[in-house]
> 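Before I ask anything, here is the structure I am working with.
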Amino acid sequence: MASFPKDIQRAGFGSGKMRSALFTFFIFILTSGRAGGRVVTVSQGPLVRVEGQAAALGCSVREYEGPTEQDFDWKVLRDDRWLQVISTFDLRFADQSLQGRVDSGDITVERRGPASVALLIGRLRPADSTAFRCSTPSTDAVFQGNYEADVRLIVIPDSLQVDPSPPPAVVPEGGALELHCNATRDVLPQAYTHLSVSWSVARETGPEDVLSFGPDGGVAVGPGYAQRYTDGELRLDLPGGGVYGLVLTQASPGDGGVYTCTAGEWSREAGGAWQQILERSAEMGEVQVTPTAQSLAVSVGEDDDITLAVGDTLNLTCSVAVDYPRSLRLEVTWLLSSAPGASPAPAEPRVLAQVGRDGVVKGAGRPVGLTRVEPGAFQLLVRGLARSDSGLYSCRVRAWIHRTTGDWYQAAQNSSHPVRVLVTVKDPVFKVLLLDKETPQFSGDPTELECQVRGVSGLGAARLGVSWLYAEATPGDVIAAGSGSVMATLDAEGTQQAGQGYEDRLGNGELVLYRSAPSTFRLRLLHTHDTDMGAYSCAMAVWSPAPPGWEKGPEVHSEPLNVFWTAKTPRVSVAARRLREVTSAGGTFEMSCQVTGQNLRNPGYSVLIQVEERVGGRTRRVLSLGPDSVLGLEEWSELDRVVLERTSAKEFRFRLYQAQRGDRGFYSCTVTAWTRDPAQTWTRSVSGQSNRVPVAFADKGPVFNISVRSDSRRVAPWETAKLQCILTTLGAAPSPDDVAFELRWFLIRPQDADSAALVASVDRWGVVRKGQRNGSSDCGLERVDAHTYTLSVYSSQDSDGGQYYCQATPWTRPPTGVWARGRDLTSSRIYLTVDFALWDSMQRPLLVGTGVALAVGILSVLLGLICTRCCCRDALQSPQTPGPQDLELDPLNHGPLAAMAMD
C-alpha cells in the first residue's frame, strides 16, 4: 500500500502517534468540563474508642451526579467476610447476626446532610474492633471515581480508674489546700492513649472549673483562677506514679465547696487532633474554708457597766481568739464613743491607742497606756479619769493576711461589745411611781400610763428624762424592776426616740409620749393589741449640762405594772339556704349566705362561693367578693352566668343562670371576717364555712355514638381519598332542630406518632376551617346527611398517609330553649395508605440525564468541526501539496485523500 507523501507525513497526518494524540486531545476537551468522578470519604483512621462507649463513623460523597440526596450502605469485616450492617435505603439491609443490634437501636445511621451520614454505635463491643466500609450506590452517567471507603476501628478495654485522696474537711482562710487524685489506665501497644486530669468545684451558684492538665501536657485554668495561677497561689503538683496534685497556697472563703476530680482518656486522630474517648469523675469531698471573720472573736473582760469616780484608773483587757495561719497579723485599736442618749453624739468614735500589724504602738502615752500582756491579750490603762471619759469603750481588731505577691489584705474585722464606763459625782436621790390612768377591756381599746417622780430635789439646771419599758408576761408573773425592752424615750430637750419595733407606731401617732407636769410623764397607746399585754415600767434619769450638750445620769426604775384583759375568741358562723331551685337544664339557681359574728369590733366580711362535684370530691372556686366589695372571678370561665352581691351588712346572694349538666354539685359559702388597723389596712381575723346546698336536676338528654368508615383504605398518588364520620343516637332521638354538632378530623403521621394534626373542622353553625396542609393537595369537609360528615383528601401524596380519626361535640337544646354542650366523642382510628409513585420519582433524573447527554454530543460535534477547519487547512493547502486538478478521484471514496493513498 502506498504511503503518505513526505510533506503530509511531516504535517503529522501520516503518523499513528499523532493521530492518537489528537484523539486524546479531543477526549480531554470533551471531559474537561466535569470532575474526575465520584469521591467517597470516611473518617480518617484508625479510630481508637473504648468498650461500652458510643462511636460515630462519618461518611460523605462528593463530585457525583444524580439526585442531591444520596444513599449509603455500611458493612463490617468479620472473619475475612464483609457483613451488611445498615443502609439508608433498605430497612432490612442488616445481616442476620447484626439485625438484633439494629432493631434495638444500638446501631443506627444518622443523615447529616444530603451527601453525608454517620454510623452510630451506642455501646461498643470487642468484636467491633475491625474495619468498616461505607459505599454509595451509583447514580452517575459514567462510572468514575471511588464508590466505597474503609475505616479501621480499634476498641480497647475500659480500664480508666480515678482514685482521689480525701481533702481536709476544714481549712482556715489563708491556709494551704492540697487536692491529690490518682488516675491510671492500661497502656496497650496497638492503641496508645493519653490522660488528662481536671479539677472542678460545685457551689451554690453552680459548678466551676479550676484547672485542667491536658493530654498534650498543657495547663488550662478556669476563668476565676487565671490571676491566682499567674501570682503563684494556684499551681500543679506532679509527684509521679499516676498522682496529680492541685495546690492552693492561700485558700479564700470562696474556695469552699465539693471538689471533683475528672480524668479523661484521649487518642490522637489522623492529622494530629486530640479526641476524648472516655471520661470518668470522682467526688473528692467537701471542703470548708473557715473565714477569718468567723473564727475571730473579740471580748473585753468586763461584762457589766463600770462606775468609777473622778480621778480613778480604768483597766480593761482586750482578748482576741482566732485561727492563726502563719501569714496572719493583728491590728488592735481601743475606741471610745458616747453612750446612747448623749447629746450631741460624736460622728465617729475616738481612737485612744492602737497596735499595728507590725507591732508598733500608736497614740499611747500619759495618761493612756496600751501593752500586750500575753499572746492575744492587750491591756488598756487610762489614769486620772474625768467625767468626759465616761462612755462606751470597745476593742476593734483587724486581721491581715500576707499574700504570696507580697501585699497585705484585710481578711476580717471584729469589735468587742462595748463596756459602759460611767465617771460620776453625787447624784440626786428620788423615787419613781407608775400609775394606770386608763386600761383596755377589749383588743383595740386605748391604754394610758403615768410615771411620777417623787422626792426629787437639788436639780438646779438639770432636767428629767424618761424611758418606757415593756416586758412579756402572763398574769401572776413577777417581773424585776428594769426588765424588758425600751419602747420609747423622752430626753432632757423633749426629743422622742422610738425603741426597736416601735418606730412605726410612734411615727403614725399610735404611741404618744408627753410631759403633763414638771415631774410627771405619760404614755398613751391609742389602740392596744393582744400582743401588748404584759408588764410596763418607766425609768427616770437626771440630765446635767455638759457642754456642748447634756450628760445623762443613772436611771431610777419604777415597779412593773401589769396590763391584762380577758381576750375573747372571735367567731364567724355562716348559714346557706336555697332561694331558687333548678329543676332542669337552663334554669336559674339562687342561694343566700347569712353571716353571724361574735367578739368582733367593726368587722368587714369577704365571701367565697365554692362547688363540690360530690361530697368529699374536688372543690372548685367559683366567685369571690372582698371586704371592699371587689368582685373576683376564681376558677370559673363564664362571668356572664354568675352573680354575687351584698344585700346587707351580713347577707350575700349568689345566682347561677342557665344551669347546665356540668354545673351540678354542692354549693357552699366561705366567709372571712376582716378588721382595719390604724393604717386602714385590712387584717384577716377568722373564717367560717356554711352548709352545702345541692344543685341536682335530671338529665334526660340523648346518648350519642361515633364511628369512622372508608370504602378504600389504599389510594394511588393524586387520587382522592374519602373518609366518613358517622354519628348515631341511642334512645329517643331529639328533633333535628334541637341538636347540632362540632366535628374535627385529625391525622397522625407515621413520622410524628406522638402528635395529631388538625385536618379540617366544622362548627355547629356550619363554618368549615382547614388545618395547614402541603402545597399540592387540598381537602374538603361536607355534611352529606343529618349524621354523616365526609372528609375528601384531593390529590393525595405520601404526606397524607397515616391514621385518621374524628372528634365530635354534641349540642342539644332542651325545652327551656338554652343550648347545652355535651361531652366530646372520639372515634376509633382508620389507616390510609398512599402508594409510592415510582415513575414520578424517576421522571426528573431521566430528563436531566437525557438533556446532559444531548448537550455533550452537540458540543463534541462542534469542537470536531472547529478543530478540522482551524488545524488541518494549512497542511492540506501548502505549496508542496498538489492541487485539486493534479489529483485523481477515487471511484469509491470520491476524495483526494483516497487518491493519494493509492499513489
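For the single chain, residues carry numbers from 1 onward in sequence order. Note that these values count all heavy atoms, side chains included, but never hydrogens, waters or copies made by symmetry. Predicted, not measured: the structure shown is a model, and the values here were computed from it.
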> If you apply the rule side-chain contact (heavy atoms from CB on, under 4.5 Å), what do you find for T307 with V421, and how did you get there?
CA-CA 6 Å; T307 303; V421 176; over 6 Å; no

> Considering residues, nucleotides and ligands other than Q161, do more than 12 of their heavy atoms fall under 6.0 Å from its CD?
no

> Measure across C261 and V197 and return the closest heavy-atom pair with its distance rounded to 0.1 Å.
SG-CG1, 3.9 Å

> Is R185 paired with E279 through a side-chain N to carboxylate O contact shorter than 4.0 Å?
no

> Where do A412 and L296 come nearest, in terms of heavy atoms and distance?
CB-CD2, 4.1 Å

> Minimum heavy-atom separation for H557 to G482, with atom names?
ND1-CA, 3.4 Å

> Could you walk me through whether W468 and L511 pass the side-chain contact (heavy atoms from CB on, under 4.5 Å) check?
CA-CA 11 Å; W468 292 94; L511 178 64; over 6 Å; no

> Do you know the tightest heavy-atom contact between H180 and G245?
CD2-CA, 3.7 Å

> Atom CG in L370, atom CZ in F378: separation rounded to 0.5 Å?
8.0 Å

> Going by side-chain contact (heavy atoms from CB on, under 4.5 Å), V50 matches just one of V155, L124, I156. Which one?
I156

> To the closest 0.5 Å, what do you measure between OG (S129) and CG (L47)?
11.0 Å

> Heavy atoms, side chains only, cut-off 4.5 Å: are L328 and V322 in contact?
yes

> Atom CG of D231 and atom OG1 of T249: how far apart are they, to the nearest 0.5 Å?
9.5 Å

> So, the side chain of S483 versus the backbone of A480: is there a donor-acceptor pair under 3.5 Å, distance only?
yes

> Would you say Q53's side chain and E51's backbone share a donor-acceptor pair under 3.5 angstrom?
no

> With side chains defined as the heavy atoms from C-beta onward, is the minimum distance between E178 and D237 less than 4.5 Å?
no

> With the side chain counted from C-beta on, respond yes when E555 and K552 share a heavy-atom pair under 4.5 Å apart, and no when they do not.
yes

> Check for a donor-acceptor pair, side chain of T495 on one end and backbone N or O of D491 on the other, with a separation under 3.5 Å.
no

> Whether R357 engages the ring of W400 as a cation-pi pair (distance to the six-membered ring centre under 6.0 angstrom, angle to the ring normal within 45°) should be assessed.
yes

> Is it the case that the side chain of D477 and the backbone of A473 share a donor-acceptor pair, with hydrogens and angles ignored and the cut-off at 3.5 Å?
no

> Examine distances only and state if a side-chain atom of R280 and a backbone atom of L160 form a donor-acceptor pair shorter than 3.5 Å.
yes

> Atom OG1 in T260, atom CD in E283: separation rounded to 0.5 Å?
5.0 Å

> May I have the step-by-step check of side-chain contact (heavy atoms from CB on, under 4.5 Å) for L236 and W199, ending in yes or no?
CA-CA 11 Å; L236 182 66; W199 289 266; 3.8 Å; yes

> Is it the case that over 12 heavy atoms from other parts of the model lie below 6.0 angstrom from the CD atom of Q497?
no

> How far does CD of E233 sit from OH of Y225, to the nearest 0.5 angstrom?
11.5 Å

> Should the heavy atoms of other residues, nucleotides or ligands under 6.0 Å from CD of E472 be counted, would the total exceed 12?
no

> Does L246 reach the side chain of L234, with side-chain heavy atoms less than 4.5 Å apart?
yes

> For the CZ atom of R329 and the CD1 atom of I401, what is their distance to the nearest 0.5 Å?
11.0 Å

> So, does Y470 use its side chain to make a donor-acceptor pair with the main chain of M533 at under 3.5 Å?
yes

> Does a side-chain heavy-atom distance below 4.5 Å link V258 with V201?
no

> Please determine whether side-chain contact (heavy atoms from CB on, under 4.5 Å) holds for the pair L380 and L352, giving the CA-CA distance in whole Å, both sets of side-chain angles, and the decisive distance to 0.1 Å.
CA-CA 9 Å; L380 172 70; L352 298 177; 4.1 Å; yes

> Hey, is CZ on R123 packed in by over 12 heavy atoms from elsewhere, all under 6.0 Å?
no

> Is it the case that S196 and W266 place a side-chain donor and acceptor less than 3.5 Å from each other?
yes

> Please check if the side chain of E173 supplies one atom and the backbone of T292 the other of a donor-acceptor pair under 3.5 Å.
yes

> Does either side chain, that of E265 or that of T193, offer a donor lying less than 3.5 Å from an acceptor on the other one?
yes

> Please verify the inter-ring angle class for H194 with W274; under 30° counts as parallel, over 60° as perpendicular, anything in between as tilted.
perpendicular

> Is the shortest side-chain heavy-atom distance between D128 and I121 below 4.5 Å?
yes

> Under the criterion salt bridge (Lys or Arg N to Asp or Glu O under 4.0 Å), I'd like the reasoning laid out for D532 against R505: C-alpha separation, chi angles, the key distance, then a yes or no.
CA-CA 12 Å; D532 293 327; R505 300 179 73 174; 3.0 Å; yes

> Would you indicate whether D304, at its atom CG, is surrounded by more than 12 heavy atoms from other residues, nucleotides or ligands within a distance under 6.0 Å?
no

> Is it true that a side-chain atom of R112 and a backbone atom of S116 form a donor plus acceptor pair closer than 3.5 Å?
no

> Output yes when D389 and R383 qualify as a salt bridge under the 4.0 Å nitrogen-oxygen rule, no when they do not.
no

> Using modelled atom types and a 3.5 Å cut-off, is there a donor and acceptor pairing between side-chain atoms of R203 and backbone atoms of G254?
yes

> Between L177 and V247, is any pair of side-chain heavy atoms under 4.5 Å apart?
no

> For residues V170 and V289, determine if any side-chain heavy atom of one lies less than 4.5 Å from a side-chain heavy atom of the other.
no

> Is there a donor-acceptor pair closer than 3.5 Å between any side-chain N or O of R398 and the backbone N or O of T333?
no

> Looking at Q44, I want to see if its CD is surrounded by more than 12 non-hydrogen atoms of other residues, nucleotides or ligands under 6.0 Å.
no

> For the residue pair R684 and S687, what are the closest heavy atoms and their distance?
NH2-OG, 2.7 Å

> Please report the closest heavy-atom contact between R396 and S415, naming both atoms and the distance.
CG-OG, 3.5 Å

